[in-house]
Amino acid sequence: MRLGLALGYWGRGPDPHHLELAREAERLGYDSVWTAESWGSDAFTPLTWIAAHTSRIRLGTAIAQMAARSPTTTAMHALTLDHLSGGRMMLGLGLSGPQVVEGWYGRPFPRSPLTATREYVDAVRQVLRREGPVEVDGRFHSHPYRGEDGTGLGKPLKPITHPLRAGLPILLGAEGPKNIAQTTRIADGWLPLYWSPTRTDAYEASLTDLPEDFVIAPMARVTVCDDVAEGLLPVKAMLGFYIGGMGHAKRNFHADLMARMGYEEEARRIQELFLAGRREEAIMAVPDAFADEISLIGPRARIAERLELWRKGPVTDLLVLAPDPHTLRVLAELNS
């Protein structure tokens, strides 16, 4: 199981420690470093900055949001950074949800997410392969544009710049069972939002007949500390926000996922409290058991014991949300 460093997205401003953590991860032998975006900082610019200050570690977006860019624009970002980094780029993509897509990007959330994802990935792969002009006549993506409000003058184009790698890896952040199953067919890897090594049956039906070398790369908060309950608080805060605030009461993919993992009553209670403005109560309503099973928190010996559960399953890459260089070093030693 390879290790990656997940830096997430910025809060109020750039984290002054991200570059330090990325360089330390490279020194420790971590395989990859990943950035994210929501409705603030973007995923590609910080990754480019990290690329300029490292030499070996692979570079991934976990995730870049599809609604933020047309597929050809995303492909341009990926092929450009792949050239500048010497072939280290991995493109992680995700649809996000209706609240973000329509509220922030001002675009309609696709009524058929699987179709929209297929069309998007198809266009990106056409750019990267550069076998001919990009042509997609899809329900959600059209290259050239064929809408009634267009001029009709668009022509199929292929990238001026020759991509460094036609097979640049594409990974998808998928949550629903059908979306995960499709991911195994059209992508090179899957970026699970929550992964419990004791509940792999929650995904089993979607992960049959995996292609060779298919990547499964979940994120997990890792903290070496003496007090497990205190160490779990940032995990619970993250879960409270995603489950309670990243979606509508009637359509929240994160809450639905928690429910499928055996915590339906708790997920709905978290939503209820968060949407009522009782955020602290929503965070405290996150069960310690759930926060604990999707993370690695506690003294070194406890993390070592629980890490074995992650190593026994189908996970190929563990993307570590780690707050400090000491935790990075401990995990590298335990995984060696």
Side-chain angles (χ1 to χ4, degrees), residues 6-15 18 34-49 60-78 80-81 91-121 123-124 138-143 145 147 149 170-176 179 183 191-194 219 237-258 267 270-277 279 282-283 319 321:
L7 295 173
Y9 45 78
W10 297 352
R12 292 186 177 184
D15 189 316
H18 276 182
W34 302 75
T35 56
E37 61 189 13
S38 54
W39 52 90
S41 60
D42 78 282
F44 289 101
T45 308
L47 204 60
T48 304
W49 183 253
T61 54
I63 58 173
Q65 296 183 345
M66 296 184 205
R69 308 163 187 86
S70 72
T72 49
T73 306
T74 294
M76 289 167 63
H77 280 297
T80 301
L81 185 47
L91 181 60
L93 299 169
L95 276 176
S96 190
Q99 289 70 32
V100 176
V101 172
E102 297 182 3
W104 180 249
Y105 294 114
R107 303 184 59 177
F109 187 79
R111 295 186 180 275
S112 179
L114 273 71
T115 302
T117 299
R118 277 198 310 275
E119 294 174 4
Y120 199 102
V121 171
V124 172
R139 177 178 172 186
F140 300 99
H141 297 285
S142 179
H143 299 270
Y145 182 70
D149 57 341
I170 297 175
L171 302 91
L172 296 177
E175 293 184 48
N179 203 351
T183 296
L191 296 162
L193 179 62
Y194 311 134
M219 291 186 192
M238 176 272 294
L239 288 169
F241 176 64
Y242 271 72
I243 294 162
M246 292 281 275
H248 190 270
K250 295 182 179 179
R251 193 169 188 185
N252 183 315
F253 302 136
H254 310 309
D256 293 345
L257 175 57
M258 182 179 175
I270 294 165
Q271 278 189 290
E272 178 185 323
L273 290 168
F274 197 97
L275 294 174
R279 297 191 175 193
I283 290 170
L319 309 187
L321 288 158

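Computed from heavy atoms alone, side chains included, the values below leave out hydrogens, waters and symmetry copies.
- In this structure, Ala78 and Leu91 approach most closely via the heavy-atom pair CB-CD2, 4.2 Å.
- Asp256 has its side chain out of reach of Glu175: every pair of non-hydrogen atoms, C-beta onward, lies at least 4.5 Å apart.
- For the pair His143 and Pro71, the tightest heavy-atom approach, listed with the atom from each and the gap, is NE2-CG, 3.5 Å.
- In this structure, Arg107 and Glu102 approach most closely via the heavy-atom pair O-CG, 2.9 Å.
- Separation of atoms OG1 (Thr35) and CG (Leu7) is listed at 7.5 Å; rounding is to 0.5 Å.
- Side-chain N or O atoms of Glu37 include none that pairs as donor or acceptor with a backbone N or O of Asp42 at under 3.5 Å.
- Leu93 has its side chain out of reach of Thr61: every pair of non-hydrogen atoms, C-beta onward, lies at least 4.5 Å apart.
- Taking 4.5 Å as the limit, some side-chain heavy atom of Phe241 sits within range of a side-chain heavy atom of Phe274.
- Remark: the backbone N or O of His141 is paired with a side-chain donor or acceptor of Glu119 at under 3.5 angstrom.
- In this structure, Ile63 CD1 and Trp34 CH2 are separated by 11.0 Å, a value rounded to the nearest 0.5 Å.
- Phe140 places a side-chain heavy atom less than 4.5 Å from the side chain of Ser112.
- Shown here for Thr183 and Ala174, the closest heavy-atom pair between the two residues is OG1-CB, 3.5 Å.
- In terms of heavy atoms, Met66 sits closest to Leu95 at SD-CD2, 3.8 Å.
- Taking every heavy atom of both residues into account, Ile243 and Ala267 meet most closely at CG2-O, 3.8 Å.
- In terms of modelled atom types and a separation under 3.5 Å, the side chain of Ser41 and the main chain of Trp10 share a donor-acceptor contact.
- Tyr105 and Ser96 share no side-chain donor-acceptor pair at under 3.5 Å.
- Remark: Phe44 engages His77 in a ring-ring contact (aromatic ring centres under 6.0 Å, His included) (not counting sequence neighbours).
- With rounding to the nearest 0.5 angstrom, the OH atom of Tyr120 is 2.5 Å from the OG1 atom of Thr74.
- Two residues are said to be in side-chain contact when any heavy atoms from C-beta on lie closer than 4.5 Å; Met258 and Ile270 meet this criterion.
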